[in-house]
There are 4 protein chains.
Amino acid sequence: MVPVTEHDSQSRSFIEEARRTQIVHAAVETIAEVGYHRASMGRIGTRAGISRGLISYHFAGKAELIAQVVTTVYTDAAAFMAPMIAAETTPAGQLRAYLRSNLEYMRAYPARMIALVEILTGGGLSDLPDTDPAAFDRQMLLPLEQLFTAGQESGEFRDFDVTVMARIVRGVIDAVPTALSRDPGLDIDRYLREITTAVDHATRPVPSTTEEP
Amino acid sequence: MVPVTEHDSQSRSFIEEARRTQIVHAAVETIAEVGYHRASMGRIGTRAGISRGLISYHFAGKAELIAQVVTTVYTDAAAFMAPMIAAETTPAGQLRAYLRSNLEYMRAYPARMIALVEILTGGGLSDLPDTDPAAFDRQMLLPLEQLFTAGQESGEFRDFDVTVMARIVRGVIDAVPTALSRDPGLDIDRYLREITTAVDHATRPVPSTTEEP
Amino acid sequence: MVPVTEHDSQSRSFIEEARRTQIVHAAVETIAEVGYHRASMGRIGTRAGISRGLISYHFAGKAELIAQVVTTVYTDAAAFMAPMIAAETTPAGQLRAYLRSNLEYMRAYPARMIALVEILTGGGLSDLPDTDPAAFDRQMLLPLEQLFTAGQESGEFRDFDVTVMARIVRGVIDAVPTALSRDPGLDIDRYLREITTAVDHATRPVPSTTEEP
Amino acid sequence: MVPVTEHDSQSRSFIEEARRTQIVHAAVETIAEVGYHRASMGRIGTRAGISRGLISYHFAGKAELIAQVVTTVYTDAAAFMAPMIAAETTPAGQLRAYLRSNLEYMRAYPARMIALVEILTGGGLSDLPDTDPAAFDRQMLLPLEQLFTAGQESGEFRDFDVTVMARIVRGVIDAVPTALSRDPGLDIDRYLREITTAVDHATRPVPSTTEEP
DNA sequence: TATGAATGAGCATTCATTCAT
DNA sequence: AATGAATGAATGCTCATTCAT
């Protein structure tokens, strides 16, 4: 869940890595601020304080830069969330930790999460020729699916389609950055509490004395 | 003399209206297919089988065209959903009808819904100078909020923040087009059933003999 | 407005002539208001209250319309000025009448004169393929040249190059519309008085007891 | 007119400056040849032998380029004329030097002067958002007004409205480029002599034994 | 006669990318 | 490693003109 690629961090010099990191961060901030399709190489370079050409020197093209942004933020978010989730011992607890850690990450690094959502929903993925959106989709859903399956087996969750429920939860979470940008006064703690309760109710076993219409 | 057909005074604007509709439809399909920020006037014109200039002839600018797409799809979806919701007599039933009609609309006109979501999440709203994203946000949430408030007063819904719950439901629904495009084999009926059940559980009153962690 | 051309006024119907006149007037007003190179056929048509296509129906192209504007205004101004000049019996008096009648025309029909100057100085002439700017130039200068030659022969004017002096006088007059637009508070009567005096001094015979430096 | 050989530490911006100068010169020549409103970025680029995009790289927009053309030519002309005027000790001599140096500049750099007049009279000024035509107007007239006022105080000039006389002189001078382009065989030396004499007569004190009609 | 739908060329501008230094 | 000059494609838009009705 945590490390994504270790492929060639050795083949790059330290300064090379530092520059790439700097550029990726500038890209994140630029995308978060002006939106994905307005984040040109020039604007990213300006924010990084470097020339346009240097970005092309360190990245094969815009696609690689965007892909790196996605990978970096996703990996970083996963590294942030993983210990909080792992600290829980039950699937239900882990689900709550998943929600909590995800929103905490958004609170801590709003630009990163906004940038990620911008790319994922703003057409950025289709600009990445080597990326399979379906594969990325499955990768996003898999942890939740595994969590749900475990919880169903232990009886903590009711019987539902784990993939659909994973999409439901991702949908709820992915709506948060947009909600935050549209309503800046939104209380993220309250939001988290409401979401957690709602998801809890949606997943927990149905009491035996319940009639469905 | 002038009028040729029996349409008389409307025959003048009939062609105009037809063309506008045709262009809006071409825009919808183009946006749904290639994404909002790749849907140039040229591509839309090509899909409509007309020249670039003709779009500018019928629409003052791209902003007006996109605004028309948003308005058209939104209005059309509302007209599609409204009777299905109104047919229900209870807030809980209306909520289920809201979900069902929304997904039915997506099934019937997937391109329209994909295009709308592309524009709303893909930075399109900020390209519309006269549009207030926050106002649009409230407009989207309002029907759900009213529905929830009514349900809480009637005791059909538990006590939750109606705005947050509205955002939750919208988040779940807005994730559907993406899910459909990423997983074409997705069974929309099953999806709808699962969503309905989940939202039902998330909103209904908590049985008295329940302990919260 | 006086009949301008009689070459084919017979071949055009009355309504045809009326339309052409209306369009020419709309062109004059549009050019005077927004400048020559912003005066599109569309804007001219809008001001005339007719469709774009109708202008093309009545004029072979924009060039013919502009040429007609030039011809109309020039002829109209000449018809306005001619009797005032003819009423004077001496070349010096006619020169003063030339200046006075020209500025009176500007005061009476500022839009026409502004439009004419816009076209002549704003590159409009070079848009007219069939027009020889040099010939137009000579046509503009000829009356003044004849006037000066007559005055020199009668001893009312000193000995100067009549063509250059004609250009001088035209230069002074053609600067008036720009001056009026740049300084709206300009007193045209005072302007006329100063110009008349200056031109009078510049053209009259030098007193015998005059030393040149 | 700009110092050229100083590169060294300025060598970084030297290329930049050289390109800007080259582009400005290409713009001057293009405007002088085809007129202001036909001088597109493409044509200017073609004349400069560079791509369209490079102009946008060096100038923020067409407005900045045109403004630079105006500033460059105006400053250049002023630098050319100033020493010739300053060499004269009397207002009347300075006025003659003003005329002479201005026409000498036109003879030396006809394209520049034609371009400037094209922009000023061809609607170019109104395309420059930050420019106040009235202020530019006053700036053009001021030196002449000051010169006239000094001459009136010293008794070298008669009593006339200095602003109107400044407009008269500018009108006479501004008519020269058009005259040159319409009549290529025009003898500029003779033109200058005639103009100088005419302006001299128009401004000098009236001999006491003069009768006005 | 008159309309307005429709076209295609041209415009200024932005952008990702390449390349010599 | 890094710069910034340079290109060419693409975009939204305006416009003169044509044409069916």
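Numbered from 1 within each chain, the chains take letters A, B, ... in sequence-line order. Being a predicted model, the structure only gives us computed values, none of them experimental.
Counting to the nearest Å, the P atom of dA1(F) and the CZ atom of Phe59(A) are 14 Å from each other. Computed from coordinates, the Ile15(B) CD1 to dC19(F) C1' distance equals 13 Å when rounded to whole Å. Note: CD (Glu16(D)) to P (dG4(F)) measures 10 Å, nearest angstrom. Per the geometry, CD belonging to Glu17(D) stands 14 Å off C1' belonging to dA5(F), to the nearest Å. Rounded to a whole Å, the CD1 atom of Ile44(C) is 11 Å from the P atom of dC15(F). Straight-line distance from the CD1 atom of Ile55(D) to the C1' atom of dT7(F): 13 Å, rounded to whole Å. Ile23(B) places its CD1 atom 11 Å from the C1' atom of dA5(E), with the value rounded to the nearest Å. When rounded to the nearest whole Å, the span between NE2 of His37(B) and P of dA10(F) equals 14 Å.
Partner of His58(D) under the side-chain hydrogen bond (donor to acceptor under 3.5 Å, both in side chains) criterion, out of Arg19(D), Arg20(D), Glu16(D): Glu16(D) alone. Each of Val70(C), Thr71(C), Ile66(C) was compared with Gln68(C) under the side chain to side chain contact (heavy atoms under 4.5 Å, CB included) criterion, and only Thr71(C) meets it.
Counting distance only, with no hydrogens placed and no angle test, the side-chain atoms of Tyr57(C) and the base atoms of dA2(E) include no donor-acceptor pair under 3.5 Å.
Not one side-chain nitrogen or oxygen of Arg43(C) sits closer than 4.0 Å to the OP1 or OP2 atom of dT14(F). Taking 4.0 angstrom as the limit, Arg52(D) places none of its side-chain polar atoms (N or O) nearer than this to OP1 or OP2 of dA6(F). One finds no side-chain N or O of His58(D) lying less than 4.0 angstrom from the OP1 or OP2 phosphate oxygen of dG4(F). Under 4.0 angstrom from either OP1 or OP2 of dT11(F) there lies at least one side-chain N or O belonging to Ser40(B).
In this structure, Gly53(D) and Ala60(A) both approach DNA chain E, and ranking their closest nucleotides by distance from the 5' end singles out Gly53(D). Looking at which nucleotide of DNA chain E each of Ala39(D) and Arg19(C) is closest to, the 5′-most match is held by Arg19(C). Residue-to-nucleotide proximity on DNA chain F shows that, of Gly49(D) and Gly49(A), the 5′-proximal contact is made by Gly49(A).
The Met41(D) side chain lies nearest to dA12(E) when the options are dT18(F), dA12(E), dA1(F). Checking dT3(F), dA16(F), dC15(E) against the side-chain heavy atoms of Leu54(A) singles out dT3(F) as nearest. For Ser56(C), the side-chain atoms get nearest to dT18(F) when compared with the rest of dC13(F), dG4(E), dT18(F). Counting only heavy atoms from C-beta on, Ile50(D) has its side chain closest to dT7(F) among dT17(F), dT7(F), dA5(F).
In this structure, Ile114(B) and Pro177(B) approach most closely via the heavy-atom pair CG1-CB, 4.0 Å.
Salt bridge Asp127(A)/Lys62(A): absent, no basic N to carboxylate O contact under 4.0 Å.
At least one donor-acceptor pair closer than 3.5 Å links the side chain of Arg43(D) to the backbone N or O of Arg38(D).
With a 3.5 Å ceiling on both atom-pair distances, the Watson-Crick or G-U wobble partner of dG4(E) is dC19(F). Across the strands present, dC11(E) finds its partner in dG12(F); the criterion is a Watson-Crick or G-U wobble pair with both atom distances under 3.5 angstrom.
Counted within 6.0 Å of NE2 on His25(A), heavy atoms from surrounding residues, nucleotides or ligands total 12 or fewer; the atom is thus considered open.
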